[in-house]
Amino acid sequence: MKHKNQVFDNVLDLVGNTPLIKLNKIASEFKGNFYAKVESFNPGQSSKDRIALYIIEQAEKKGILSPGDTIIETTSGNTGFSIAMVSIIKGYDCVLAVSSKSSADKIDMLKTMGAKVYVCPAHVSADDPRSYYQVAKRLHEEMKGSVYINQYFNELNIDAHYKSTGPEIWEQTEGKITHLVACSGTGGTISGTAKYLKEQNPNIKVIGVDAFGSVIKKYHETREFDKKEIYPYRIEGLGKNLIPGATNFDVIDEFVKVTDEESAHTARLIAKTEGMFVGYTSGAVMQGIKQLGDEGRFKEGDNVVVIFPDHGSRYMSKVYSDKWMNEQGFFDSINEAAIQNIEYIK
Ligand code: PMP
């Protein structure tokens with residue numbers, strides 16, 4: 001843990017060593033103990049700080065990067081924010097090629113963090129020269145001394161979690177962890193953490209959480225890339241329409257799939273029961289726990305660790321907006337008390 005009265009040199013000293021916090025209410029109907037690794041305690045408020053810092057420092061060690069060079073990535077999400085943050089402190093230029101689907105808030109946030117943002121048309125195919133993949137590739141080729149992070153296909157993404165998240169959880173649970181349940185996007189978090197934990201104790205069960213509309217679960221079970229699994233869904237950061245090279249399928253025992261709607265309600269429930277304001281995929285991972293718990297998969301004495309990847313403030317116009325929830329039809333079946341929780345005094 002970070003020390004209470006410590007003074008830090010800069011924000012990067014605060015990356016990692018996030019707290020493991022007991023979940024006292026939300027899973028109390030199930031046997032076993034449940035703990036959350038709360039990654040919003042990172043200075044960039046997500047687990048992506050770990051990979052941004054690690055990958056950039058590895059490039060420095062290899063002599064690929066020196067101050068003034070450029071770091072390139074294709075994301076408007078947490079990874080983009082973390083890379084921008086690390087770039088500021090270390091003196092790099094940060095270039096992010098993002099989709100025109102990205103919200104104005106996200107683009108403003110990245111610009112605020114000093115990144116140069118290329119907004120690329122969302123409707124073009126991945127091999128179109130205007131797509132954000134191709135724009136990033138072109139910029140990387142044109143800019144001497146640039147590094148392309150490429151988180152979905154970069155093995156260092158796994159390594160970052162193998163070296164930090166895994167050992168932290170092992171120490172925090174004093175080796176008593178029995179289950180790891182985590183979302184899989186690039187797969188870096190679950191793969192690196194699981195690899196470390198299974199090296200310590202091969203009996204630890206590792207369960208990935210995937211989205212309906214993503215190919216990951218089926219691929220894990222069949223090693224078949226089934227295009228029929230793909231359809232649009234709303235949760236960001238979870239699942240994928242391709243097989244990420246940064247996922248080590250061999251260290252994951254199984255996957256559960258969750259819906260947009262149930263994950264959204266569960267995210268809101270985490271705030272109301274545990275007082276933790278966390279992101280949409282934290283709702284997804286707890287929804288996974290609920291489904292596993294309903295199947296009677298946990299027993300007395302189990303120590304189940306879930307990873308909450310980021311902070312709720314990034315979802316104010318989505319999961320935490322009653323208007324958005326209503327527009328998605330998510331209030332149709334569950335008329336949450338939240339919508340009556342506000343009174344306007346005239
Ligand atoms: N949750 C959120 C909010 C994310 O941004 C990501 C990263 N895409 C994940 C979960 C999944 O983490 P990973 O990419 O390491 O699988």
Side-chain angles (χ1 to χ4, degrees), residues 1-2 16-41 47 50 158 161-184 187-210 217 220-221 238 247-258 262-263 265-276 278-279 281-309:
M1 271 301 291
K2 293 143 194 165
N17 290 314
T18 53
L20 189 70
I21 305 179
K22 188 158 199 277
L23 297 170
N24 293 297
K25 294 196 183 123
I26 193 158
S28 58
E29 66 194 283
F30 305 126
K31 292 185 176 133
N33 307 305
F34 295 83
Y35 302 89
K37 182 80 169 150
V38 187
E39 290 292 292
S40 56
F41 280 83
S47 55
R50 295 177 188 269
I158 299 181
H161 293 285
Y162 176 80
K163 297 242 168 72
S164 66
T165 322
E168 287 172 27
I169 293 174
W170 183 251
E171 264 182 48
Q172 286 169 314
T173 61
E174 296 169 341
K176 295 191 182 95
I177 173 175
T178 57
H179 298 70
L180 171 73
V181 185
C183 290
S184 198
T189 306
I190 190 166
S191 305
T193 308
K195 182 164 176 264
Y196 181 86
L197 292 173
K198 286 201 171 191
E199 280 173 7
Q200 314 311 308
N201 174 5
N203 296 324
I204 294 169
K205 270 248 162 297
V206 175
I207 301 160
V209 177
D210 190 22
K217 178 174 191 285
H220 180 254
E221 288 160 7
L238 166 65
T247 307
N248 179 349
F249 287 90
D250 296 334
V251 294
I252 303 165
D253 293 297
E254 64 180 289
F255 279 92
V256 288
K257 277 197 171 189
V258 294
E262 287 175 315
S263 302
H265 284 293
T266 307
R268 295 166 78 104
L269 196 61
I270 297 170
K272 293 215 170 53
T273 52
E274 304 290 344
M276 292 182 197
V278 288
T281 53
S282 304
V285 79
M286 276 323 289
Q287 178 57 29
I289 291 286
K290 186 172 176 333
Q291 289 168 208
L292 293 162
D294 285 343
E295 288 172 14
R297 296 282 297 278
F298 304 118
K299 60 178 193 312
E300 220 60 72
D302 280 351
N303 292 308
V304 182
V305 172
V306 300
I307 297 180
F308 286 171

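As the structure is a prediction and not an experimental result, all values here were calculated from the model.
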Item checked: Smallest separation among heavy atoms of Gln291 and Val258, with atom names -> OE1-CG1, 3.7 Å
Next item on the list: Start with the C-alpha distance between Lys31 and Asp302, add both sets of side-chain angles, then the distance that settles side chain to side chain contact (heavy atoms under 4.5 Å, CB included), and finish with yes or no.
Entry: CA-CA 8 Å; Lys31 292 185 176 133; Asp302 280 351; over 6 Å; no
Notebook entry, point to check: If you round to the nearest 0.5 Å, how far is CG of Leu180 from CD1 of Ile307?
Noted result: 5.0 Å
Next item on the list: Would you name the heavy atoms of Leu20 and Gln172 that are closest together and state the gap between them?
Entry: N-NE2, 3.4 Å
Note to self: Has Asn303 got a side-chain atom pairing as donor or acceptor with Lys176's backbone, closer than 3.5 angstrom?
What the structure shows: yes
Notebook entry, point to check: Are any of the side-chain heavy atoms of Ile289 and Phe298 separated by less than 4.5 Å?
Noted result: yes
Next item on the list: Measure the CD1-CD distance between Ile21 and Glu274 for me, rounded to the nearest 0.5 Å.
Entry: 9.5 Å
Checklist line | Backbone of Phe255 reached by a side-chain donor or acceptor of His220 within 3.5 Å | finding: no
Next item on the list: May I ask you to decide if Asn248's main-chain N or O and Ser191's side chain share a donor-acceptor pair within less than 3.5 Å?
Entry: yes
Next item on the list: Report the C-alpha distance between His161 and Tyr196 in whole Å, list the side-chain angles of each, state the deciding distance to 0.1 Å, and finish with yes or no for side chain to side chain contact (heavy atoms under 4.5 Å, CB included).
Entry: CA-CA 8 Å; His161 293 285; Tyr196 181 86; over 6 Å; no
Margin query: Can you confirm whether more than 12 heavy atoms, excluding those of Glu254, are under 6.0 Å from its CD atom?
Written below: yes
Item checked: No-hydrogen, no-angle side-chain donor-acceptor test under 3.5 Å, Gln287 and Thr266 -> yes
Margin query: Taking NZ in Lys22 as the centre, count heavy atoms belonging to other residues, nucleotides or ligands within less than 6.0 Å. Is the count above 12?
Written below: yes
Margin query: Any non-hydrogen side-chain atom of Phe308 less than 4.5 Å from a side-chain atom of Met286?
Written below: yes
Item checked: Val209 versus Gly288, closest heavy-atom pair with distance -> CG2-CA, 4.4 Å
Item checked: Test item: Asp294 and Glu29 side chains (from C-beta on) under 4.5 Å apart, heavy atoms -> yes
Note to self: Within the supplied structure, the quantity of interest is the number of heavy atoms (other residues, nucleotides, ligands) at a distance under 6.0 Å from Glu295 CD; does it exceed 12?
What the structure shows: yes
Note to self: Val251 vs Tyr162, test: side chain to side chain contact (heavy atoms under 4.5 Å, CB included). Steps then yes/no.
What the structure shows: CA-CA 12 Å; Val251 294; Tyr162 176 80; over 6 Å; no
Item checked: Separation of Ile177 CD1 from Asn203 CG (nearest 0.5 Å) -> 12.5 Å
Notebook entry, point to check: Does Thr165 reach the side chain of Ser47, with side-chain heavy atoms less than 4.5 Å apart?
Noted result: no
Item checked: Inter-residue atom distance Arg50.CZ - Thr193.OG1, 0.5 Å rounding -> 7.5 Å
Next item on the list: Start with the C-alpha distance between Val306 and Leu23, add both sets of side-chain angles, then the distance that settles side chain to side chain contact (heavy atoms under 4.5 Å, CB included), and finish with yes or no.
Entry: CA-CA 10 Å; Val306 300; Leu23 297 170; 4.1 Å; yes
Check: About how many Å separate CZ of Phe34 and CG of Asn24, when rounded to the nearest 0.5 Å?
Finding: 12.0 Å
Check: Closest approach of Cys183 and Val285, non-hydrogen atoms and distance?
Finding: SG-CB, 4.0 Å
Margin query: Which heavy atom of Asn17 sits nearest to which heavy atom of Glu168, and what is that distance?
Written below: N-OE2, 2.9 Å
Next item on the list: Keeping the roles fixed (side chain from Lys37, backbone from Thr18), state whether a donor-acceptor pair exists under 3.5 Å.
Entry: yes
Notebook entry, point to check: Should Trp170 and Ile204 count as side-chain neighbours, where that means a heavy-atom distance under 4.5 Å?
Noted result: yes
Checklist line | Over 12 non-hydrogen atoms of neighbours within 6.0 angstrom of NZ in Lys217 | finding: yes
Check: Which value, rounded to the nearest 0.5 Å, describes the distance between Ile190 atom CD1 and Thr247 atom OG1?
Finding: 9.0 Å
Next item on the list: Could you give me the CA-CA distance, side-chain angles and deciding distance for Glu262 and Lys290, then say whether salt bridge (Lys or Arg N to Asp or Glu O under 4.0 Å) is met?
Entry: CA-CA 10 Å; Glu262 287 175 315; Lys290 186 172 176 333; over 6 Å; no
Next item on the list: Inspect the contact between Asp253 and Lys198 and indicate whether a charged nitrogen and a carboxylate oxygen are less than 4.0 angstrom apart.
Entry: yes
